[in-house]
Trainee: 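This is the structure I have questions about; it appears just below.
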Number of protein chains: 2
Amino acid sequence: MNATPQYRLVYESLRKHIEQGVYSEGDILPSENELCIVHNVTRPTVRKALDMLTNEGFIKRRQGLGSLVQSKPRGIGILSIAGTTSVIGRENLVTRVVVKPVVKRWPADFPFGLTKPERESGCIYFERVRLVNGQPIFYDISYLPNMNLPRFTRRKLDNHSLFNLLREVYHIKITGGEQNIKAIHASTTVQNHLDVDPSTPILHLERKLETSRIYFNVFSFLYCDTREHALFGSF
Amino acid sequence: MNATPQYRLVYESLRKHIEQGVYSEGDILPSENELCIVHNVTRPTVRKALDMLTNEGFIKRRQGLGSLVQSKPRGIGILSIAGTTSVIGRENLVTRVVVKPVVKRWPADFPFGLTKPERESGCIYFERVRLVNGQPIFYDISYLPNMNLPRFTRRKLDNHSLFNLLREVYHIKITGGEQNIKAIHASTTVQNHLDVDPSTPILHLERKLETSRIYFNVFSFLYCDTREHALFGSF
DNA sequence: TTAATTCACTTGTATTTACAAGTTATATCA
DNA sequence: TGATATAACTTGTAAATACAAGTGAATTAA
């Protein structure tokens, strides 16, 4: 018995095709009627999937013409390294887990408010560093509520997107969030992870990411060395 | 004959009630069935309106329980000073225009791509500084395409939101965008405007904001002194 | 008095049907 | 050969219908 709603199967299929380049910017997706046939569903189901792709910026719909693929989805909450796809080969962009996911209590002085279920469930804590051409440029500390994430602590996060993992394995989507952004001088820990000296200006983001799962937010504390590569976000 | 779709009338009505405080955070909206009766429409129409409110962060739906009002809608592209509403009185937050809006040609080395209509129309350029308790913390350089913005250069921007002005006067809404974020050392100009010394780390954002008007993007180059106040964004 | 069950609500998922309005290709007419 | 009308597609809007699954209050049983 497949518990995944049909509209979501259609959505994931189309989204994957767009991400894989089956459809490129400017292409027109198969019509709603064609998608009904291909997926063996009805138009409202297909339209719900297309609504989601529209909201996330993957496509733009034109009455009478079709659904046009856009090059840049609105990556809610997604940050990347500016120029990643064109300037840096994928093999020179590496994500390394420096502290593996581990269940912990929330820090007493955690700067974001927590829901009661979150507070009671503790958190999964891990740290990652992202390197470009061997040079560390991101240092990220993540906290997830320890809520219904079976075997999360055993998953390999190296070179994997946390957002994709949450969505594909746990059906948790990032739906929005908030962030505080600062320019700071690096602490000793950050200096060590990013391999910078004390005078380097460091970009610091404190982020709370809301999700499709109730009472479940993802928290991220990010430090970036942006001398060579800016941090890029779309919204 | 009313050209506005019914789902949008329902959406605007509910959104206005939430914004006006008829419903507060944590309140449960009338059920879908009740909204059908009130607005004389059917469930799919109501659900489309609720979908939109959900996507924009106004409400969160709970199967079996109802639609819960959330306090913070997703403010696309809006940045503010962290803690503004609770920590700083409105009278201590001042926006000052340091270069009034003037029509210019686009800089030859403008870092964002421009649409052909934008390139051909030139731009409206202005600079603003935002101060908290008399202390400058934001320095913003803005470029708008000089396209169908009657009398823009004569408008007073002190203590006015550019987004609100665009939406209310010119019916232009920010619909999304992208940004590069960096931590830098301040140039001399930035040092002067923000009243900082050369060692202060400065937050720098280069932003392209997409709008509801075709071929019309808003560009912003922002420098922030974040020692006292982080930059806050929700998405 | 407490626990279990039932009921009446809620939202979630999905189908079927119909017509409106936009776009583009094709056919027809001058 | 070019202009106009038509046809065949597209997405947009909306109703009607049905059942699944979640939630909390009320009722019943122990």
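As a basis for the values below, the full set of heavy atoms in this structure was taken, side chains included, without hydrogen atoms, waters or symmetry mates. Order of the sequence lines fixes the chain letters, A, B, ..., with proteins taken first and strands second; residue numbering starts at 1 for each chain.
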Trainee: What's the CD1-C1' distance between B:Ile28 and D:dG24, to the nearest Å?
Mentor: 10 Å
Trainee: What is the distance from CD of B:Glu34 to C1' of C:dA8, rounded to the nearest Å?
Mentor: 13 Å
Trainee: Would you mind classifying the nucleic acid contact of B:Thr42 as base, sugar-phosphate or nothing, using non-hydrogen atoms under 4.0 angstrom?
Mentor: base
Trainee: Rounded to the nearest Å, what distance is computed from the CD1 atom of residue A:Ile37 to the C1' atom of nucleotide D:dT10?
Mentor: 14 Å
Trainee: When you measure from the side chain of B:Arg47, which nucleotide among C:dT15, D:dT10, C:dT13 comes out closest?
Mentor: C:dT13
Trainee: Whole angstrom is fine here: how far is it from CG in B:Asp51 over to C1' in D:dT13?
Mentor: 14 Å
Trainee: Indicate whether the side chain of A:Thr95 and that of A:Arg130 have a donor and an acceptor atom separated by less than 3.5 Å.
Mentor: yes
Trainee: For the ring pair B:Phe112 and B:Trp106, is the centre-to-centre distance below 6.0 Å?
Mentor: no
Trainee: Rounded to whole Å, please give me the gap between CG in A:Leu29 and P in D:dT11.
Mentor: 9 Å
Trainee: Over how many whole Å does the gap from A:Lys60 atom NZ to D:dT11 atom P extend?
Mentor: 16 Å
Trainee: Of the nucleotides C:dT15, C:dT11, D:dT10, which one has an atom closest to the side chain of A:Pro44?
Mentor: C:dT15
Trainee: Are B:Asp51 and B:Arg61 side-chain neighbours, meaning at least one heavy-atom pair lies under 4.5 Å?
Mentor: yes
Trainee: When the distance from CZ of B:Arg61 to P of D:dG22 is rounded to whole Å, what number comes out?
Mentor: 16 Å
Trainee: C:dT23, OP1 or OP2 - any side-chain N/O from A:Arg62 closer than 4.0 Å?
Mentor: yes
Trainee: Check for me whether A:Lys48 meets the cation-pi criterion with A:Tyr7, that is, NZ or CZ under 6.0 Å from the six-membered ring centre and within 45 degrees of the ring axis.
Mentor: yes
Trainee: Is there a side-chain contact between B:Asn33 and the phosphate of C:dT10, meaning an N or O under 4.0 Å from OP1 or OP2?
Mentor: yes
Trainee: What is the distance from CZ of A:Arg43 to P of C:dT15, rounded to the nearest Å?
Mentor: 13 Å
Trainee: Judged by modelled atom types alone, do A:Glu56 and A:Tyr11 share a side-chain donor-acceptor pair under 3.5 Å?
Mentor: yes
Trainee: Is any side-chain N or O of A:Thr45 closer than 4.0 Å to OP1 or OP2 of C:dT15?
Mentor: yes
Trainee: Is it the case that the base of C:dA14 and the side chain of A:Gln6 share a donor-acceptor contact (distance under 3.5 Å, atom types as modelled)?
Mentor: no
Trainee: Out of D:dT11, D:dT13, C:dT23, which has the shortest distance to the side chain of B:Lys48?
Mentor: D:dT13
Trainee: Choose from C:dT15, C:dT10, C:dT13 the nucleotide whose nearest atom is closest to any side-chain atom of A:Tyr7.
Mentor: C:dT13
